[in-house]
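Shown next, in structure tokens, is the structure this report addresses.
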Amino acid sequence: MAKEEKARAKKEQMKGKAKEAMGRMTGNERMTAKGKADQVKGDARQAKEKGKDTFKH
């Protein structure tokens, strides 16, 4: 389960970076903001999983 969550976090981060870049290229501030939000969501998920790993050991 943890590996799936880590993969999901990475996927959200990459998707967010792509959205942010596309938003910047097209001048779409809404897409840029959505991309940043996706990255933050991925970062939070990744931090949560790292915390779980810390307590397991």
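On a predicted model such as this, the values are computed, not experimentally measured, just so you know.
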Please list, one pair per line, the donor and acceptor atoms closer than 3.5 Å that link side chains of residues 33-41 to other protein atoms, with sequence neighbours excluded.
residue: D38; atom: OD2; partner: K19; partner atom: NZ; Å: 3.1
residue: Q39; atom: NE2; partner: E20; partner atom: OE1; Å: 2.6

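Residue M31 belongs to a hydrophobic cluster whose other members are M22, M25, with links defined by side-chain heavy atoms closer than 4.5 Å.
For the side chain to side chain contact (heavy atoms under 4.5 Å, CB included) with R8, the qualifying choice from K11, E12, K6 is E12, the only one to do so.
Here the closest heavy-atom approach between residue A9 and residue G42 is recorded as CB-O, 3.5 Å.
Looking at E49 and K52, their side chains come closer than 4.5 Å, going by heavy atoms from C-beta outward.
Legend: residues meeting side-chain contact (heavy atoms from CB on, under 4.5 Å) with K10, ordered by chain and number and at least two apart, are Q13, Q46.
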